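Note sheet for the following structure.
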Number of protein chains: 2
Amino acid sequence: MARKTATPQLTQDHTELIVLSVLSEGPSYGYSISKQIAARSEDEFRIGASQLYPLLTKMEKQGLVETDWEEIKSKSADPDAPGRKRKWYRLASKGERRLQQRIEAHKRFTSLINSFIATDPAAGAVA
Amino acid sequence: MARKTATPQLTQDHTELIVLSVLSEGPSYGYSISKQIAARSEDEFRIGASQLYPLLTKMEKQGLVETDWEEIKSKSADPDAPGRKRKWYRLASKGERRLQQRIEAHKRFTSLINSFIATDPAAGAVA
DNA sequence: CAAGATATATCGGTTTCAGATATATTGCAA
DNA sequence: TTGCAATATATCTGAAACCGATATATCTTG
């Protein structure tokens with residue numbers, strides 16, 4: 001059960017980039033987004049509920065995403081019971097633009113970091 | 001006086017990586033390190049004194065760097081005057097190992113982020 | 001001789017982080 | 001059939017990080 005955080009922590013900017021990327025593939029909802037990120041990163045990126053939900057709310061307020069509530073009907077229980085709710089997020093056009101900005105910023109960021117470590121004789125270039 | 005933070009902020013981990021990279025090219029001191037980073041990143045990475053000095057102190061305590069004080073002699077003033085002090089930092093072997101770790105972590109980090117944005121149809125790969 | 005650059009360092013208000021907590025439903029296995 | 005894990009959203013809160021401002025002092029240049 002090794003818990004080494006070898007990979008640097010995610011800043012909110014990076015988290016936003018990843019969330020926008022996930023949503024660019026189609027609408028999703030909070031819990032699924034966090035599971036997708038964990039699964040696709042082999043558990044190296046973990047976005048907890050306390051980071052994800054405030055971020056999604058912020059993104060909604062900024063108009064990057066649009067939302068819909070889904071009422072999940074219970075299969076076995078009373079069909080008139082309230083049931084669980086699921087909040088779907090889909091990328092707004094403003095969010096698509098933001099995603100492109102974040103990708104560009106990430107490219108600059110990476111190439112700048114690379115320019116520093118590239119001068120280190122023992123460092124291989126980051127492919 | 002545009003102050004757009006186009007590039008994501010630096011986490012302390014990333015700052016440490018950059019500082020270690022600079023020191024891997026040879027000993028330096030705080031003020032010079034911050035100037036080098038700004039110059040080599042075309043001012044996109046700015047490590048202020050309030051981030052750099054505490055980080056250098058921490059790195060020293062962790063044995064990543066070793067230090068020496070230099071007494072800078074004034075050209076014009078009294079040769080017995082105290083003069084300005086300059087604290088030189090040089091990479092310790094522990095720091096070299098840490099640098100390699102940070103580089104590896106950065107590579108993993110970058111390739112993970114790339115794996116997310118690569119699935120975005122509009123995203124070019126980060127070279 | 002004043003202003004700006006060099007040089008190190010801390011203070012303190014704001015923001016961010018992430019584990020814990022809260023609440024409720026659903027599915028499954030003992 | 002009951003209880004636990006998983007699903008699902010959301011906030012609270014103590015700790016850590018961030019970064020502009022401040023402090024102090026020297027050196028250089030016009």
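Worth saying up front: this structure is predicted, and the values here are computed from it rather than measured. By convention in this document, chain letters (A, B, ...) are assigned in the order of the sequence lines, proteins followed by strands, and residues within each chain are numbered from 1.
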> Going by number, which of residues 59-68 of chain A have a non-hydrogen atom under 4.0 Å from DNA chain C?
Replying inline: none
> Is Trp88(A) touching bases, backbone alone, or none of the nucleic acid, heavy atoms closer than 4.0 Å?
Replying inline: nothing
>> Restricting to salt bridge (Lys or Arg N to Asp or Glu O under 4.0 Å), what partner residues turn up for Arg90(B), sequence neighbours left out?
In response: Glu66(B), Asp68(B)
>> So if I define the base as every atom that isn't primed, P, OP1 or OP2, how would nucleotides 13-20 of chain C read as a B/S/- string at a heavy-atom cutoff under 4.0 Å?
In response: ----SBBB
>> Here's a test for you: under side chain to side chain contact (heavy atoms under 4.5 Å, CB included), which of Val22(B), Leu20(B), Leu64(B) qualifies with Leu91(B)?
In response: Leu20(B)
>> On a heavy-atom basis, which atom in Val65(B) and which in Tyr89(B) lie closest, and how many Å separate them?
In response: CG2-CD2, 3.8 Å
> Between Thr15(B) and Gln51(B), does any side-chain donor sit less than 3.5 Å from a side-chain acceptor?
Replying inline: no
Distance-only donor-acceptor hits, side chain of residues 54-63 of chain B, under 3.5 Å, sequence neighbours excluded:
from	atom 1	to	atom 2	distance (Å)
Thr57(B)	OG1	Tyr53(B)	O	2.9
Lys58(B)	NZ	Gln12(B)	OE1	2.8
Glu60(B)	OE1	Lys87(B)	NZ	3.2
Glu60(B)	OE2	Thr67(B)	OG1	2.9

> Under a 4.0 Å heavy-atom cut-off, which of residues 27-39 of chain B touch DNA chain C?
Replying inline: Tyr29(B), Gly30(B), Tyr31(B)
>> Looking only at the side chains, is there a donor atom on one of Glu96(A) and Ser24(A) sitting less than 3.5 Å from an acceptor on the other?
In response: no
>> Between the side chains of Glu16(B) and Arg102(B), is the shortest nitrogen-to-carboxylate-oxygen separation below 4.0 Å, so that they form an ion pair?
In response: yes
> Can you name the residues that form a ring pair (Phe, Tyr, Trp, His ring centres under 6.0 Å) with Tyr31(A), not counting sequence neighbours?
Replying inline: none
> Starting at CG of Leu52(B) and ending at P of dG20(D), how long is that distance when rounded to a whole Å?
Replying inline: 14 Å
